[in-house]
Amino acid sequence: MGDLKIQARLNGPYLVPGPVTVKDEAGEVRKVEQQTVALCRCGGSKSKPICDGTHRSINFEAPAASLESD
């Protein structure tokens, strides 16, 4: 398996290359067949952990992030 690259969209979801298998907090497992899968970062999605675009209507602003290297 190659390196997994996750992209954080500005004030939006995390984008993950698909297809992927997602397990939600209830333990339900589902296969998402899309080429790119958007994962909720705002906490407002009605289809968590998949993004449904709610971040736009609630004006989600992600905190500034920094990547620390070893």
Side-chain angles (χ1 to χ4, degrees):
M1 181 164 113
D3 289 340
L4 175 63
K5 294 185 170 98
I6 300 172
Q7 176 187 1
R9 296 284 312 253
L10 180 63
N11 300 323
Y14 291 115
L15 301 179
V16 180
V20 297
T21 300
V22 179
K23 184 176 183 179
D24 67 18
E25 69 248 7
E28 181 180 335
V29 176
R30 58 183 154 159
K31 181 84 169 174
V32 183
E33 298 289 342
Q34 297 162 308
Q35 185 175 358
T36 302
V37 179
L39 298 177
C40 178
R41 190 159 66 133
C42 74
S45 175
K46 304 254 187 307
S47 60
K48 284 188 232 72
I50 306 300
C51 174
D52 67 1
T54 297
H55 59 276
R56 290 185 292 261
S57 64
I58 65 171
N59 297 317
F60 173 69
E61 290 187 28
S66 67
L67 296 177
E68 295 182 24
S69 58
D70 294 342

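With hydrogens and angles disregarded, a donor-acceptor distance shorter than 3.5 Å links the side chain of Lys48 to the backbone of Gly43.
Enclosure of atom CD in Gln35 is not indicated, since only 12 or fewer non-hydrogen atoms of other residues, nucleotides or ligands lie within 6.0 angstrom.
The CG atom of Asn59 sits 11.0 Å away from the SG atom of Cys42 when rounded to the nearest 0.5 Å. Put simply, SG on Cys40 and NZ on Lys46 are 10.0 Å apart, with the number rounded to the nearest 0.5 Å. Distance check, rounded to the nearest 0.5 Å: CD1 of Ile6 to CG of Leu39 gives 7.5 Å.
Among residues two or more places apart in sequence or in another chain, the side chain to side chain donor-acceptor pair (under 3.5 Å) test is passed with Ser47 by Ser45.
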Name the atoms and distances for all side-chain donor-acceptor pairs under 3.5 Å in residues 13-26, with sequence neighbours left out.
{"unit_1": "Asp24", "atom_1": "OD1", "unit_2": "Ala26", "atom_2": "N", "d": "2.9"}
{"unit_1": "Asp24", "atom_1": "OD1", "unit_2": "Gly27", "atom_2": "N", "d": "3.1"}
{"unit_1": "Asp24", "atom_1": "OD1", "unit_2": "Glu28", "atom_2": "N", "d": "2.9"}

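The shortest distance between side-chain heavy atoms of Arg30 and Ile50 falls below 4.5 Å.
Considering all non-hydrogen atoms of both residues, Arg41 and Ala8 come closest at NH1-CB, 3.9 Å.
By the 4.5 Å side-chain criterion applied to Ile, Leu, Val, Met, Phe, Trp and Tyr, Ile58 is assigned to a cluster that also includes Phe60.
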